[in-house]
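This report concerns only the one structure given below.
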Amino acid sequence: MEAPETLLSQFPARFEGSSSYLDLTTVIALSVFFALLCACIIIGHLLHENRWANESITALLLGLCSGVVVLLVSKGKSSKLLVFSEDLFFLYLLPPIIFNAGFQVKKKQFFKNFTMILLFGVMGTVISFCIISLGAYVIFSKIGLTSLTVKDYLAIGAILSATDSVCTLQVLNQDETPFLYSIVFGEGVVNDATSIVLYNAVQSLDLDDISGLTALQLLGTFLYLFFTSTLLGIAAGLLSAFIIKTLYFGRHSTDREVALMMLMAYLSYMLAELMDLSGILTVFFCGVVMSHYTWHNITEKSRITTKHAFATISFISETFIFLYVGMDAFDIDKWRDTKASPATSVAVSATFIALVLVGRGAFVFPIANINNCIKRSDSSKIEFRQQFIIWWAGLMRGAVTIALSYSKFAESTDSTSTDCLLITCTIIVVLFSTMVFGSITKPLIEAVLLRHAKPMVSDATEFQSLEDLRFLFIENGSPSEPGQDNENQPRRRSLRMLMTNPAISVHYLWRKFDDRFMRPVFGGRGFVPFIPGSPTAEEEEAHENS
């Protein structure tokens, strides 16, 4: 990310002979982005209650306006300040966002709806990938784009399957709509990871000799990357918890605790990328495990610091991405190199948007209705208005889409005008979906969902607490009545409980396993070091004195 040479001519000549160890171009570029970040925060605060604007759209519009200003200053010449760097995005901006998502997630809601999240995030992404790839193959041949290969069409399917649900999550509330928030949030994270894994799997395949085993090879590669990345993230989180619990850094310095958590999380992401795995899945589950174990092993001051530090870094990275995308839209070289007529650009962009709409609807409504047919309880069924919000939440496309597009079509040594056309059309899709779909997200959700909202009924309301489940499991089963088999009755009750309420049952069994085996080794809630004078100590002393 560097400022254009043409901009340097606008500064006094005394800078040209400066012997400073700082590169002036880098200072200019960073100054511009820091000033824009400050402006985004201020404007976002002022427009917080606005129905049609949010921080994502604000950052995108500021980026567009800044791009226009840079073009005017440089007199229409290209600017290196506007070049989108996928290395910057994947190595520095994306990890803190995904880690904070896992660190801040409400784990009970997330894992309670984990089955639906996996269905939407994995199976749904695969369905969307197939439809977009096939649709692009059929339609592009009629438009006149015949130079694309099978791998290009598969890459397009993976690129356009990556959603960006930031706008929707800024409107939904975890307390008012816990089910929808967990589904949209969880699916967004899993979807991004699935799209990147699909993209990497497609790029690693040799499609010159396609056979019946190609689909199985693609599936095997996907499953390997998915589960290996997840296990690596869990292992990194458990290792950090064990180290902090065993060595107890808080005795000497809370800074070491915070630094170790940050570095271990980032190290997990880099190790995943080094092993050609999915860094997104790895750092996400590392954040989940750290919030469950590591966070409870550190001191009270470190807890407050980490919670706000991770959220702040994530917010800055997210805003920076939208600014970056907005400014990159005015990189004039890409538009010149397309060598396509405006009609062709419009046709390709419209095709992309239509395929995104169809591909999204092809799995959201069928999967939701199949779930409704299986579920017996009305409270666990997904209403049509909720299905509509889930469908709408995945229509926006963001920085992951642009980053994958650049990785495929801009990094090749033999980039053609068709490659430039696909990049510019991808940018158009991102701008259109974020600004048009994103701007009406808040009033749409208010009209469709919140005005007709009713108290959410949790599956757990059938039981007052998890303790009530003890009577339905083997070791806590009630005595059998005369004439009944004392051994088979508790087992039948346990099996019936697992069949009728799997989420609650699995959660109960996990709690027992966690308390008995995991927490004594890795710490967590209930294994917090006692520090005199800390808020935790004061609460315990007050409880003892009451």
Side-chain angles (χ1 to χ4, degrees), residues 1 3 26 28-50 52-70 81-104 162-172 184-185 188-189 192 262 266 269 280 283-284 287 307-331 393 396-403 406 427 430-439 441-442:
M1 181 184 63
T26 303
I28 294 174
L30 292 178
S31 299
V32 169
F33 275 100
F34 289 158
L36 291 175
L37 284 172
C38 294
C40 286
I41 295 174
I42 296 173
I43 296 175
H45 172 72
L46 296 176
L47 298 178
H48 181 71
E49 301 297 333
N50 190 281
W52 304 96
N54 55 54
E55 292 171 344
S56 302
I57 298 177
T58 302
L60 196 61
L61 289 175
L62 274 178
L64 289 172
C65 295
S66 302
V68 173
V69 172
V70 172
L81 181 66
L82 307 179
V83 175
F84 187 90
S85 171
E86 59 270 17
D87 289 338
L88 172 66
F89 173 73
F90 282 114
L91 293 179
Y92 303 108
L93 299 179
L94 187 60
I97 297 175
I98 302 301
F99 173 77
N100 183 67
F103 192 78
Q104 303 286 354
T163 64
D164 189 344
S165 54
V166 173
C167 293
T168 307
L169 291 176
Q170 289 177 349
V171 179
L172 291 177
V184 172
F185 167 80
V189 175
D192 286 345
M262 290 183 175
Y266 193 76
Y269 181 87
I280 287 183
V283 78
F284 174 77
K307 182 177 180 180
H308 292 287
F310 294 152
T312 302
I313 297 173
S314 173
F315 170 76
I316 293 175
S317 300
E318 195 172 277
T319 307
F320 191 94
I321 287 175
F322 281 100
L323 278 172
Y324 210 8
V325 171
M327 296 190 71
D328 182 67
F330 283 95
D331 186 7
M396 275 71 80
R397 296 296 181 266
V400 174
T401 300
I402 290 185
Y406 269 90
I427 293 176
V430 171
L431 294 177
F432 180 85
S433 62
T434 303
M435 296 180 64
V436 177
F437 295 157
S439 62
T441 294
K442 189 170 184 178

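Keep in mind that what you see is a predicted model, and the values were worked out from it rather than measured. Just so it is clear, the values below take in all heavy atoms, side chains as well, and ignore hydrogens, waters and symmetry mates.
- Under the 3.5 Å distance criterion, the side-chain polar atoms of Ser439 are matched with a main-chain donor or acceptor of Val436.
- The backbone N or O of Ser56 sits nowhere less than 3.5 Å from a side-chain atom of Thr319 that would complete a donor-acceptor pair.
- Taking the centre of each ring, Phe99 and Phe284 stay at or above the 6.0 Å mark.
- The CD1 atom of Ile57 sits 11.5 Å away from the CG atom of Leu64 when rounded to the nearest 0.5 Å.
- Taking 4.5 Å as the limit, some side-chain heavy atom of Asp328 sits within range of a side-chain heavy atom of Ile427.
- Met435 and Leu60 get closest at one heavy-atom pair: CG-CD2, 3.7 Å.
- A pairwise comparison of heavy atoms in Ile97 and Ile321 identifies CD1-CD1, 3.6 Å as the closest pair.
- Shown here for Ala309 and Met262, the closest heavy-atom pair between the two residues is CB-CE, 3.9 Å.
- For Tyr324 and Phe89, the ring centers sit 6.0 Å or farther from each other.
- With hydrogens and angles ignored, the 3.5 Å screen pairs a side-chain donor or acceptor of Thr401 with a backbone N or O of Ala162.
- At least one donor-acceptor pair closer than 3.5 Å links the side chain of Gln104 to the backbone N or O of Lys307.
- Counting only heavy atoms from C-beta outward, the side chains of Ile43 and Glu55 never approach each other to under 4.5 Å.
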